[in-house]
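Taking it in order: structure first as structure tokens, then the write-up.
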Amino acid sequence: MATINPGFATELKKYGALDFNKCYNCGNCTAVCSLSTGDNSFPREMIRFSVLGLEREIQKSTTPWLCYYCGECSATCPQQTDPGELMMSLRRYLTSKYDWTGLGAKLYTSKLWEFGTIAFLALVVLFLFVFFHGPMTNELTADGGVMLNTFAPWQQIEIGDLLMGGFLAFFLMSNIFNMYLKIIGSQKDLKIPFKLYFSEFWKLIVHFGTQREFSKCDTKLEQKKPALNTYWVVHWFLMSSYVIMFVMIVAFLGWFQTDNIYAWFHPQRILGYYATVGLTIGIVYFFVQRIKKSAQKSKHSHVTDWTFLVLLFLTTISGILVHVFRLNGMPQPTYYMYVFHLMALVPMLMIEVPFSKWSHLAYRPFAIYFNKIIVAAKKSK
Amino acid sequence: MKQKIGVYICQCGSNISDYVNVEEVAAQAEKIEGVALAKTTMFACADSTQKEIEEDIKSRQLDAIVVASCSPKLHLFTFRNVAIRAGLNPFNYVQVNVREQCSWAHSNNPKQATEKAIHLVIAGIERVKHSKALPAIKISADNAVLVVGAGVSGMRAAIELAKMGTEVVLIEKNHFVGGRVSQWNKLFITDETGQEVVARLYQEVKNHNKIKLFTGTELISKSGGVGNFDIQIQFTPRYVLTTCKPDWEKIQKAISLCPIEVDDDFNFGLTKRKAIYKNFPSELPHIPAIDIVNCNKCGECVKVCEEVDLEQQVEKLNFRVGAILLTTGADSYEPKKGEFAYQEIDNVITLQQFKRLIEISGKELLYHGKKIRNIAFIYCVGSRQQDGENKYCSRYCCTSVIHSAILVKEKYEGIFNFHFTRGVRTYGKQEILYNKAAKQGDIFLQSFEDSPTEVTSENGKTIVKINDILTANMEIEVEADLVVLVTGMVPRENTAISSLLKIPIGRDKFYNEVHPKLRPVETVIDGILIAGTCQSPKTIMESVNSALSAAAKANSLLRTGEIELEPTLAVIDKETCDWCDACAAVCPYDAIEKSEVNGKFVAQIAKANCKGCGMCLPVCPVNAIQLDGYTDVEMEGMISALVS
């Protein structure tokens, strides 16, 4: 028994869904979808639930996370309902529903909230630096580098980092727990043996680390099936760079933010460069994809897609400039750029990691993990 | 008795000759007395063969011919025309079917197929031997048509007939024209209103001097046949002088003074109306009418409107017309009490009521004082019934309900439409509407016939439930402020006219045509035509299509002033006949009348009515009736040939 919620379509359209109500149930999308099986009707089941506004059914489903948006359904839909974009919107919707604070929903559906929060956080960072920064010395180190740790001692920044890390971890974990309740908690009739949580755990690690499912996305309709799925490779490169950079900044700032200039092959610099290259290539690639709109999955961009890319771009480019200025002994530009770097970095992490687009890095592997548990539990039954 | 008969045995390529020994058939035929020649031919219907037969008739002075080939359904008229071209009466020709009845039926036994063919051909020869040359029967016909029902179909047909020069008597039972269409507001696809369409047709009807329009009028008797129907019509008075100039202020005053209030049929009982009424200001003719059944003759209206005349009497008029066209329309299905909670839960109404509700509602859509937000439409109520009588699809309702769902959403904010369908049939251009509705957010659900949608009342809320096959048979429900039963069309309850004219009724109880594809607007009664929704549920466009088709058919029948009839009619032997009434009692066409000849009563055949069906022949106790073309001597000749 389920009750129709006719207002759902209007809500979902704020998350980027298009004219999905036009669906006349022909099933072409299911026929072309590489994920469809006998009992799992991708993506039609989700379209139908969305048309009827069966929010409980949608929220207890892992289906939207299993789709990697090859876009074949959208390309073949005779009614131009864009099922691929609907699945994308459902992922945004679910992200905001897993977030128990309600902030995620605000950030997704209101530009005022999105940009207001970014501006507010950026101003807080600016404010802290204006009042609490160290001396802006023009003296250089023995290597000719800028004495950044005099202006912004890493010990103090680390305190802020750890506070922020704790904040992010708390909200992201609690949201994942909320996701668990919605997906596994709603399986009232299914008894899940406790050991499954452990036996299936390696799948979480594998899928987080490799994003393997992404590589399976089959784009034969677009007739350009490269030997290696470029999208997946670039995405993986971007993701790994992001993770490396994140870990270095949050957990090992004392090792990463130094005044000495190490030889180029020093792990600090190698890892930094790897991450920088990965981020730059990723950002440029996704910018180009979203502007060109040639691939189905890049045709429609929600405002939050651009926000994430722009903040990431500003963070990366300012980070590169800080590095260049520091190495070349340019103290004042280094200090200003460092402040700017943090004004972009902090809002990006604060809003994206637990409340917005970034969180899919966690939700996707967890959805696969929960799905495997449910499937295994059903099989053992 | 024919002395020079030509017999032609067709090979039909090899269709016949592969199994029937045609040479043998010809040889046997030639032996029969009176046969002048017997030939085989590759294709009897080929132009060259037809010419050859004509030549034979002329050069050999044949007085009858037999062609043994395919079914007469295929080529009877082909060879009748051959006879006519060669100067032979077409009724001195007999076709024998040796293809369907011999070669095709007995392809496993050529010997017996041949034997059967020989018997059939000889029977044909024996029949043609006794055939008479029947003269063509021509009767005079009045180029005038009675059109019954002044809805869109009737008016459109009347206009077209008048344009082609046919006189039209257009009668309408109600006091106002337009029928169902005048009840509808905007129509797909032009957005013109039903009232506007009716007004346009009415103007044309009034402007044409060949059309006589009578409202408040019914057909009460009919005699005669095609070409010469004598009809009588009866007027129920309007009780308002037709000279009354439309002074809407005065009319309104008279209406407001009337103390009587009855359910308004025009709004399907949603509102009340007075005994003096006009359903809407622009309704035509522009004169109010008094519903005398409910009027108590208090005289209040007379005081303000001197044109009211409560003394008017019922009148009758006689006309002679050549044909009758019925455009009497259809009724809407009235759900049974409890059918989808109809009349049990207060906010369950029909589609027709809903359409009127949208039109008569003001700024807010209210039903019984409650604001409407969620509307559930339940499809196929009274149509496509699994167990009920109405097996047919009503054709127009899917389109109509979706169009109404769009209109209601355009007119009012915050409406949500839920369509509980059994599959949506918005065929043709109407698919545009379905797309529009889906795009505007209407939700479509579907169930199978054996698991119908349910309407229940729970704590004062109306809940509509379905096992939605589009959602893997999940049980889906919605709370509805208004439930609209999408009711289709049913035949008119009033059967007076169909019994008066003896119109054949189909299994669906609508009037039946002769042939759904080839003769779609004619009935088996010559000169009586049908169009519009009295024949089957139709959209307005389909109704008008059929009306125009019927107009053309009626005009082509009557325009020459003469109608040629098939001369195979019953003939009474006035000597033997002793008027006993048995034949008249069984005649389905009212073709037998009692008449006096030389001081004795005998039966007489009304040639225009007789269809040559032969029903009267076996019931005559003194064998006084013969059917031309099938006389006793012909039939007996055939039988003896077959049994010999």
Side-chain angles (χ1 to χ4, degrees), chain A residues 1-15 17-31 36-61 63 77-83 85-86 89-90 186 189, chain B residues 372-377 398 402 405-406 408-409 413-426 430-447 453-454 456 458 461-482:
Chain A
M1 170 78 75
T3 306
I4 302 176
N5 171 13
F8 184 65
T10 322
E11 194 194 338
L12 203 56
K13 281 179 184 171
K14 291 188 198 149
Y15 290 89
L18 301 163
D19 271 341
F20 66 92
N21 336 46
K22 283 196 305 186
C23 169
Y24 57 27
N25 304 289
C26 66
N28 271 354
C29 51
T30 301
S36 296
T37 58
D39 12 85
N40 212 341
S41 173
F42 276 88
R44 219 186 96 180
E45 185 188 34
M46 282 298 134
I47 299 174
R48 191 63 190 161
F49 287 160
S50 305
V51 166
L52 299 177
L54 307 186
E55 292 190 72
R56 230 180 45 190
E57 305 299 324
I58 296 170
Q59 289 181 20
K60 76 179 195 194
S61 171
T63 303
C77 175
Q79 281 287 87
Q80 287 86 46
T81 62
D82 233 312
E85 196 56 25
L86 173 76
S89 318
L90 285 174
S186 67
D189 309 327
Chain B
I372 304 299
R373 222 174 91 90
N374 284 3
I375 307 174
F377 300 97
C398 281
I402 291 173
I406 292 170
V408 75
K409 224 168 162 167
E413 272 179 20
I415 299 277
F416 290 114
N417 294 321
F418 307 93
H419 301 258
F420 292 84
T421 78
R422 276 177 51 200
V424 176
R425 297 179 169 185
T426 45
Q430 298 161 158
E431 185 73 0
I432 299 167
L433 283 175
Y434 168 76
N435 252 318
K436 196 172 168 186
K439 201 175 172 187
Q440 75 173 12
D442 281 19
I443 291 174
F444 290 88
L445 305 108
Q446 187 176 341
S447 65
T453 303
E454 275 174 42
T456 51
E458 288 166 24
K461 291 175 177 174
T462 307
I463 306 290
V464 184
K465 250 182 251 173
I466 189 171
N467 287 323
D468 184 26
I469 58 174
L470 304 178
T471 318
N473 249 332
M474 202 183 212
E475 189 177 65
I476 307 271
E477 62 166 39
V478 76
E479 187 195 333
D481 302 314
L482 191 66

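Of the listed residues (Leu54(A), Ile4(A), Asn21(A)), the one with the most heavy-atom contacts under 4.5 Å to chain B is Ile4(A). Taking chain B as the reference chain and counting heavy-atom pairs below 4.5 Å, the highest number among Lys22(A), Glu57(A), Arg44(A) is found for Lys22(A).
For chain A, the nearby part of Lys465(B) is the side chain; its heavy atoms alone come within less than 4.5 Å. For Ile463(B), no part lies near chain A; criterion is any non-hydrogen pair under 4.5 Å. Asp468(B) touches chain A through its side chain: at least one heavy atom from C-beta onward sits under 4.5 Å away, while N, CA, C and O do not. The parts of Ala2(A) that come within reach of chain B are both its backbone and its side chain, each placing non-hydrogen atoms under 4.5 angstrom from that chain. Of the two parts of Tyr24(A), the backbone and the side chain both hold a non-hydrogen atom closer than 4.5 Å to a non-hydrogen atom of chain B. Interface residue Phe416(B): only side-chain heavy atoms are found under 4.5 Å from chain A.
By the salt bridge (Lys or Arg N to Asp or Glu O under 4.0 Å) test, Glu45(A) pairs with no residue at all, sequence neighbours left out. By the salt bridge (Lys or Arg N to Asp or Glu O under 4.0 Å) test, Asp481(B) pairs with Lys370(B), sequence neighbours left out.
Atom CD1 of Ile476(B) is separated from atom OG1 of Thr453(B) by 11.5 Å, given to the nearest 0.5 angstrom. Once rounded to the nearest 0.5 Å, the distance linking CG of Asp82(A) with SG of Cys23(A) reads 12.5 Å.
More than 12 heavy-atom neighbours from other residues, nucleotides or ligands sit within 6.0 angstrom of CD on Glu458(B).
Of the N and O atoms on the side chains of Asn435(B) and Gln79(A), at least one donor lies less than 3.5 Å from an acceptor on the other residue.
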